[in-house]
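Every heavy atom of this structure was used, including side-chain atoms; hydrogens, water molecules and symmetry mates were not.
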Amino acid sequence: MLHIKCPYCGMRSQNEFAYGGDANVKRPELNKEVTDKEWDTFVYFRKSPRGKHLELWHHISGCRQWFKVQRDTLTHEIYKTAEIKEDI
Amino acid sequence: MHQEFRLNTIGLINRDKKISFKFNGKKYFGYEGDTLASALIANGVHLVARSFKYHRPRGFFGVGVDEPYAIVQLYRDGETDPNCRATEQELFEGLEAKSVNCWPSVNFDIGAINNFLNKFFPAGFYYKTFMWPKSFWYRIYEPFIRKAAGFGVASVAHDKERYEHKYEYCDLLITGSGPSGLASAYAAAKNGAKIILAEEKPRFGGSLLTSEANIGNESGKEWTQKIITELKEMPNVIVKNRAQVFGYYDHNMLVMSERINDHLAKSKKYSPKQRLWYIRAKEVVISSGSIERPIVFGNNDTPGVVLASAAKEYLKIYGVLVGKKPLIFTNNDSAYETAVEFKKNGISPVVLDTRNNPDSEIISEAKSMGIDIKFSHVVIAAKGYKKVKYAEISKISEDKKSLGKIENISCDCICVSGFWTPTIHLASQSGNKTKFNENIDAFVPGKSKQQETTLGSANGIFSLEETLKTSFEAGYEKSKKITKKDNKISIPQVSEKKHSKHDKFWCVPLPKEKKYKRFLDFQNDVAVSDVELALREGYRSIEHVKRYTTLGMATDQGKTSNLNGLQLVSNIEDKIVPAVGHTTFRPPYTPVTIGTIVGREIGKHSKPTRKSPIHSWHEKNNAVFVDAGVWLRPRYYKRGEENLFEASKREAENVRKNVGVCDVTTLGKIDIKGPDAAEFLNRVYTNAWLKLPIGKARYGVMLREDGIVMDDGTTTRISENHYHMTTTTAQAANVLSHLEYYLQIVWPELNVNVVSTTEQWAGAAIAGPKSRSLLQKLFPGTDVSNEGLPFMGYIEGNLFGVHARIFRISFSGELAYEVNVESDNGNFMWEKIIEIGTEFSIQPYGTEALSTLRIEMGHVAGSELDGRTIPYDNGLQGLVSKKKDFIGKRSLNRKAFIEENRQKVVGVVPLDKKTSIPEGSHLVRDSKAKLPNPKLGHISASCWSVEYNNPFSLAILKDGKNMIGQKLFAMCPLKNKTIAVEIVSSHYVDPKGERVRS
């Protein structure tokens, strides 16, 4: 079970959180023309990197904040966690 | 009551307290402090099991967790536990145990014929033999193998014991209370660290209990007692015996199983049988010690062949002799301690040492005591079937390849020692890449991966002095890092005997013409010849050899066999052991009961049960409940002898004719506030929200980004910047996360807050033509006329002193309202509605009637919004705005979503107007078509239409919009039904929607 530092609450066990996918995904802006390909990339395509991965987690059984986690998908090492507005 | 193999002088057992027990139906007695194994050996019982494959007689081999043979079925307090290790099971009054894997008895086992057919059971036998014909597997092979193999029998009765889970945090977790564990724990605790010291056995001390070395001026046992007593009194220390740390997981989380009542005749009241600890430790000290490994020789599985260290422990802890004519076979010094211990107790052993005239203090001591030692000698084979009677021994050449003349030597046990294997399981589980230590012929932990340190013999250090020194230092350093304190205690002096080097010898060659089985893995009956065969057949990777031969795959996980297996593979392959590598160590280190893993999460505890504040009223009024997610909802209210069908039909009819009331508290409710709330809703829902007036509700549909409908519900504008959203019961949690995602990540510029208010409001849906008359009486001071409260209107009212929100919304398709009050007033509201509604013939209705009403109205719900349908499929395309953008809109013009013959919801009526169509049935054009019959759609929901008094269903049907009026077949192979049906509009009742506006 991972030990994750919520930027708002501190270190908590993984069972308080929900995984929320790749944090690098950026939703196309509203009302903007996007090609099928761009839209497909946004909706369906995700990288599955071996190693460092920037991802979203949601503190569902806690403060209910979404935040960023930089995690190694191979070793589960967590390098850093940050609020959404911060850059990693 | 004489015990033939019990000594009167030594041991840590309590001879004042006799305990009687039964084994295989026969009565014996032991003493308090005995294990089942030590008590049986004391009584001269050596034959306790039959081997897995060949059903060979088996006795005891070890004294603890490494025991491969003595697996018994335990009976306790009316319950039975399979696969208990007799070496670990403490004796209690009335204990009953039986041998497993033998029939009719352990003494006469028919399966032993396999032993004489062993030519037919080579490695990979099952893979080779039971392949063909395929159809035989389930009917013949598998049942046969299951009966013949396997150990104990799991109880089919409900386990009435209690199991618990516990979470704990600490600075240091120390796994094992031998010298390294005690020293590091003591040093760390004295330096202010919060520690947990876990010992798997009942007694603390590990090797100190049987060691002759002194610490300061105390024996190992006395020193242990002193340290443990002091630790137990410290507030920053948790000390646990009978607690096995069996798994090392990510981020320094370890799992420990604590046996709390297993050693008692009956569980203590209010106390769990076993407890699972989840421990998050800042630092971990692995002080798990080492396990003696055997030397491989012929018939080395015969009862009476035991590990030398086990023989010593049986003597020194239990006062039990494993035999009276011991032969000790060793390649190192540690077995001499066993020999000396026998001699001290009046038994004269013979020692065979593979080494050529080694010299050390302990060997000199043995010599001076007059112990018969034969250097450069080996045991070729144990002889005797159910117990060792004699051994074939011989001299061995310096290169260990040729044997001398075979001699027979009489003995009743063979105590074998092939040196020590560090217990590195936890270190390896933590991700530590282990390395091979040439000096000890075994793997030790390499560079730490997580915050773990391995100390003492688990790290390949067998000197007590060095162990204590490094462990005191480690405990101090680790705690200093955490507590920032600097309280260092001095390291005590140690007096111990120095050992000479062990011999790198592990397997006795077979003399010509001898075909003895030489076992590597005792529990799974894997012999040297099996591994040789696997390699001849081309298996190279140690992981493949393991799976093909089952070496190390039994419940003991190869604790005594792994290294010898590796030695053999590396010898044949002419590689060195580290090049062969070892198989992966996986948790659990020792078997853990399912009960412990499950803990309290059984029955009603396996998930929370949510009840509405009106629940007790429902109970009192004969509600039959149904699970709706984690909620319990009334399915129907039973009257007299009614069944589900009759009751729900009555309830639904009453809604259509008079008025009904339904508990809708379970609907998800989300409070939305902020100046940008309208803009936010406009982006979340497919329809327009910017112009919704205050005091109005609107039905909305929300999509996922892939265009699939996520949820639907009504949202009401309470005031300028305040909205009340409802979701379906099932999707409430997902919708909230979805909204939070967009507010926090995608559009953080929107000034909006969302919070769940599901539990804050109790809700009652009042539906039926008489609902307005009832509402008027409930809220006499409020204008609830069609003008005052039009369809999709919202007002607040006063329900006999209780503040209420009144929504004119309808799921049933009738004139209907939903009244919400604060949860605490839920029951009051409900009782008022029933009380005043009586004159309008009100009846409560459950989810079954609710479904009937919505289905015949063609209102879609969860069974149509099933995560595979878009708005068009549900007839909701009118709610999709063409003017504005919203979540998922871009996906809706994907090719498949705009196809002309896209699936759509339709109504389905059986031609005979009698036969109900099972949900999930497939719609096909031709009921007799060749399989696979092309599927045109499926029945999503079925009911008995109370309006027309015949069955009616909804279906999602290919090209649904052009299928109205067509005749198809609904086929349900599960129920073996084929029903001729007609496709009709999904709006079966009141297609113009006049009633809700009346």
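- For a residue to count as touching a neighbouring chain, one of its non-hydrogen atoms must lie under 4.5 Å from one of that chain's; by this rule B:Lys449 touches chain A with the side chain only.
- The most heavy-atom pairs under 4.5 Å with chain B, out of A:Ala23, A:Ser13, A:Ala18, come from A:Ser13.
- Using modelled atom types, no side-chain atom of B:Arg890 and backbone atom of A:Trp39 make a donor-acceptor pair closer than 3.5 Å.
- Ionic pairing of A:Asp36 and B:Lys895 is not present here: no N-O contact between side-chain nitrogen and carboxylate oxygen is shorter than 4.0 angstrom.
- Annotation for A:Trp66 and B:Ser737: closest pair NE1-O, 3.6 Å, computed over non-hydrogen atoms.
- With a 4.5 angstrom heavy-atom cutoff, A:Ile84 touches chain B only via side-chain atoms.
- Contacts between B:Leu736 and chain A at a heavy-atom distance below 4.5 Å involve backbone atoms as well as side-chain atoms.
- Looking at B:Gln744 and A:Phe67, their side chains never come closer than 4.5 Å, going by heavy atoms from C-beta outward.
- Among A:Thr75, A:Ile60, A:Ile78, the residue making the largest number of heavy-atom pairs under 4.5 Å with chain B is A:Ile78.
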As a quick check of understanding, evaluate side chain to side chain contact (heavy atoms under 4.5 Å, CB included) for A:Gln14 and B:Asp250, giving each step before the final call.
CA-CA 10 Å; A:Gln14 184 183 343; B:Asp250 290 309; over 6 Å; no
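- Using a 4.5 Å cut-off between heavy atoms, B:Arg704 makes no contact with chain A at all.
- With a threshold of 4.5 angstrom between heavy atoms, A:His58 approaches chain B through side-chain atoms but not through N, CA, C or O.
- Only the backbone of B:Phe886 comes within contact range of chain A, judged by heavy atoms closer than 4.5 Å.
- Remark: side-chain polar atoms of B:Arg280 are paired, donor with acceptor, to backbone N or O of A:Met1 under 3.5 angstrom.
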